[in-house]
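Counting starts at 1 for both ligands and their atoms, in listed order. We're numbering straight along the sequence, starting at 1.
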Amino acid sequence: MIDFLNLKKLNARYETELKDACARVIDSGWYIAGNELDSFEKEFAQWCGTKHCIGVANGLDALILTIRAWKLLGKLQEGDEIIVPANTYIATVLAISENGLKPIFVEPDAYTYNLTLTGIENALTAKTKAIIAVHLYGRICPMDEIMAFAKEKDLLVLEDSAQAHGASINNKRAGSWGHASGFSFYPGKNLGALGDAGAVTTDDEELAEVLRALRNYGSHKKYENLYIGVNSRLDEIQAAMLRVKLNHLDVDTAIRRCIAGKYINRISNSFIQLPLNEIEECSVWHLFVIKTKFRAQLSEFLNHAGIQTLIHYPIPPHKQQAYVEYNKLSFPVTESIHQEVLSIPMDPTMTDAQVEYVIQKINEFQA
Ligand SMILES: *Cc1c(COP(=O)(O)O)cnc(C)c1O
């Protein structure tokens with residue numbers, strides 16, 4: 001079986017380093033908010049090209065707490081509208097509704113799967129206060145255009161970089177374009193912890209201060225609370241694991257790009273639409289997503305050939321039971337994406353032979 005992503009093999013490559021780092025934390029006797037977190041925050045901020053990184057418990061909290069911090073700073077208020085791509089993963093939308101703001105769903109581009117400037121312009125109202133640019137599947141949004149537009153209209157931009165660690169435009173990485181960015185280090189993400197973890201990156205000192213308090217009960221000083229905060233901390237063990245894996249991330253990204261390049265050059269099947277790949281730095285290939293009207297047959301065929309596939313995602317947020325108030329909305333591009341996309345194996349531990357086999361089998365498929 002060719003796994004979609006084999007986490008055991010992935011982490012086994014760093015077994016000694018991870019176990020040493022784990023032992024270092026165990027022996028230190030300090031498990032929350034210590035040197036590992038401090039160091040990881042500095043290292044990740046530097047890697048992204050931002051002044052600050054604030055570690056939190058997961059990617060959803062990174063998004064929720066950033067919006068909450070903007071409310072506390074008087075930059076957003078309940079009822080404000082936030083533009084979000086209709087085809088995003090549900091977490092992006094949860095972060096908006098959790099804060100009592102209103103998601104305004106916008107159709108993505110049918111080929112990049114990301115927000116476009118035109119889509120944003122058409123959705124703009126007097127109540128629009130922010131945009132969440134989701135770098136879906138590892139591909140960065142047109143952030144140069146989005147930031148110029150946001151500046152002109154005085155909008156906040158939050159990047160959802162959960163799938164796009166290191167994707168860049170003109171060498172400027174995801175997480176350093178917006179006023180803030182949420183990252184997830186869920187184990188299957190390109191930079192994955194060995195449990196839950198997340199972070200916010202920003203150049204805004206004031207926002208960073210509020211986030212540091214919010215993640216720790218709203219406390220800026222021990223036993224003194226400025227805000228009604230939460231417990232959302234990135235613990236020392238996970239910070240130590242992330243420090244090890246951050247050192248190897250650029251190599252893994254290069255491997256992902258190599259696999260994606262082979263898929264794009266060699267998969268040739270008239271029933272299948274491949275993802276775009278015009279500029280290498282744009283995508284870190286969190287997922288390799290193909291589109292076909294014959295998805296059920298293709299996934300069945302590949303499964304039969306021992307190749308695991310997944311669907312990202314089968315149901316868009318506005319069609320979820322949780323968001324029944326939006327169920328009547330219609331987004332044809334989004335809905336066709338959800339009906340036709342299929343993610344094929346994208347795992348930095350795949351062998352050349354496995355990549356060849358996936359290509360061969362997909363090329364053999366007949367609808
Ligand atoms: C994974 C993910 C999140 C949430 O991250 P968690 O760490 O699982 O909370 C948010 N947005 C997107 C686009 C994601 O892929």
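Between the side chain of Lys262 and the backbone N or O of Val355 there is no donor-acceptor pair closer than 3.5 Å. Listed for the Ser299 side chain is a donor-acceptor partner under 3.5 Å among the backbone atoms of Ala296.
Taking a 6.0 Å sphere around CZ of Phe105, one finds it holds more than 12 heavy atoms contributed by other residues, nucleotides or ligands. Atom NZ of Lys102 is surrounded by 12 or fewer heavy atoms from other residues, nucleotides or ligands within 6.0 Å.
Nearest to atom 9 (O) of ligand 1 among the protein's heavy atoms is Leu60 N, 2.9 Å.
Among Ala95, Ala57, Ala91, Pro85, the residue whose heavy atom sits closest to atom 10 (C) of ligand 1 is Ala91.
Of the polar atoms of Gln163, at least one N or O is found under 3.5 Å from an N or O of ligand 1, judged by distance alone. Residue Asp196 has no nitrogen or oxygen atom sitting less than 3.5 Å from a nitrogen or oxygen atom of ligand 1, judged on distance alone. For ligand 1, the polar-atom distance check against Gly59 finds a nitrogen or oxygen pair separated by under 3.5 Å.
Contacts between Asp160 and ligand 1, counted as non-hydrogen atom pairs separated by less than 4.0 Å, involve the side chain only.
Using a 4.0 Å heavy-atom cutoff, Lys189 is listed among the residues neighbouring ligand 1.
Of all the atoms in ligand 1, the ones that sit under 4.0 Å from a non-hydrogen atom of Ala162 are 2 (C), 3 (C), 10 (C), 11 (N), 12 (C), 14 (C), 15 (O).
Both tests pass for Arg173 against the ring of Trp47: distance under 6.0 Å to the centre and angle within 45° of the axis.
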Using the salt bridge (charged side-chain N to carboxylate O under 4.0 Å, His left out) rule, take Lys51 and Glu205 through it: C-alpha gap first, then chi angles, then the decisive distance, then the call.
CA-CA 8 Å; Lys51 289 199 187 117; Glu205 173 90 47; over 6 Å; no
